[in-house]
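Read the structure below first, then the notes.
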Amino acid sequence: DQQVKQNSPSLSVQEGRISILNCDYTNSMFDYFLWYKKYPAEGPTFLISISSIKDKNEDGRFTVFLNKSAKHLSLHIVPSQPGDSAVYFCAAVNFGNEKLTFGTGTRLTIIP
Amino acid sequence: ETGVTQSPTHLIKTRGQQVTLRCSSQSGHNTVSWYQQALGQGPQFIFQYYREEENGRGNFPPRFSGLQFPNYSSELNVNALELDDSALYLCASSPRVANYGYTFGSGTRLTVV
C-alpha cells in the first residue's frame with residue numbers, strides 16, 4: 001500500500017528553467033510533509049517542509065505547495081542549477097508520530 | 001560539528017547469518033531512526049530510538065532489533081538473514097523526537113547471498 005506516490009521516476013529540465021516535482025498521498029492523517037534530496041553514495045539531505053496549516057512555504061530557490069483537498073504537493077525549484085541534479089524524495093508524517101513515509105523518488109537531471 | 005557516520009559501508013552476508021550495523025549520531029542529537037531502502041524504492045521506517053528506548057517500530061519482523069547507547073550511538077541487528085534483506089540501511093539522527101529535518105548517514109549496503 002503506497003501511501004505516498006511520486007509518479008514520475010525521472011525529469012529533465014534545462015538549466016535556468018523551473019523544475020516542478022510532484023507528490024500525491026492517500027493517508028488523510030498526514031499533516032506534515034517534507035522533501036529530501038539524495039546524491040549518489042550519500043544519505044538523503046533535508047530540503048524543505050510544510051505543515052498542513054499552510055499551503056506554501058519558500059526557502060530561497062525552493063518552494064513547496066500543498067493542496068490538501070487534492071492530497072497533492074509539489075516542489076518548485078527556480079532557477080534550476082546543475083547542482084540540483086539528484087533524486088528527490090517526498091515524505092509525509094502524522095506530526096508527533098515517529099514514522100516518516102517516503103515516496104519512491106524522482107530523479108531530476110538539469111541539462112546545462 | 002560532525003554528521004552521522006555509519007559502518008561498515010558495504011557488507012556481504014550469507015542467508016541465515018546475523019549482522020550488526022552501526023551508527024554514530026550527529027553531536028547533540030538524542031533520537032536515532034533506522035530506515036531500509038530497497039533498490040528503486042523509498043526508505044522504509046524500521047524503528048526509532050530515543051534516550052535508549054525504542055520509540056516506535058515499522059512493519060518489520062522481530063528479527064530486526066536495535067540498541068541505542070548512552071552516547072546516543074546506535075546499532076541495528078538483523079538475525080536469520082533472508083535474501084530480501086539486501087538493501088541500503090540508513091541511519092538518521094535528530095535533536096529531538098518529532099523534529100523531522102533528519103540528518104542521514106550515507107548508509108550501509110547489505111547484500112545477502
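Chain naming here is simple, since letters A, B, ... match the order of the sequence lines and numbering starts at 1 in each.
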- Do other residues, nucleotides or ligands put more than 12 heavy atoms under 6.0 Å from A:Arg61 CZ? yes

Heavy-atom cut-off 4.5 Å, strictly under: side chain, backbone, both or neither for [X] against chain B?
X	value
A:Tyr36	side chain
A:Phe89	side chain
A:Leu34	side chain

Would you mind checking which part of [X] comes under 4.5 Å of any heavy atom in chain A, side chain (CB onward), backbone (N, CA, C, O), both or neither?
X	result
B:Gln48	side chain
B:Tyr50	neither
B:Gln6	neither

- Query: Between atom CD of B:Gln37 and atom CZ of A:Phe102, what is the distance when rounded to the nearest 0.5 Å?
  - Reply: 8.5 Å

- Could you list the residues that satisfy ring-ring contact (aromatic ring centres under 6.0 Å, His included) with A:His72, not counting sequence neighbours? none

- Message: Just so I understand: if I count every heavy-atom pair under 4.5 Å between each of A:Pro44, A:Gly103, A:Ser49, A:Ala91 and chain B, which residue has the most?
- Response: A:Pro44

- Task: For chain B, find which of A:Gln6, A:Glu42, A:Lys99 contributes the most heavy-atom pairs closer than 4.5 angstrom.
- Result: A:Lys99

- Do A:Phe65 and A:Tyr32 share a hydrophobic cluster (ILVMFWY, side-chain heavy atoms under 4.5 Å, transitive)? no

- Message: Quick check on the structure: residues of residues 79-109 of chain B within a heavy-atom distance below 4.5 Å of chain A, by number.
- Response: B:Leu88, B:Leu90, B:Ala98, B:Tyr100, B:Gly101, B:Tyr102, B:Phe104, B:Gly105, B:Ser106

- Grab the two heavy atoms, one from B:Arg57 and one from A:Glu98, that are nearest each other, plus how far apart they are. N-OE2, 4.1 Å

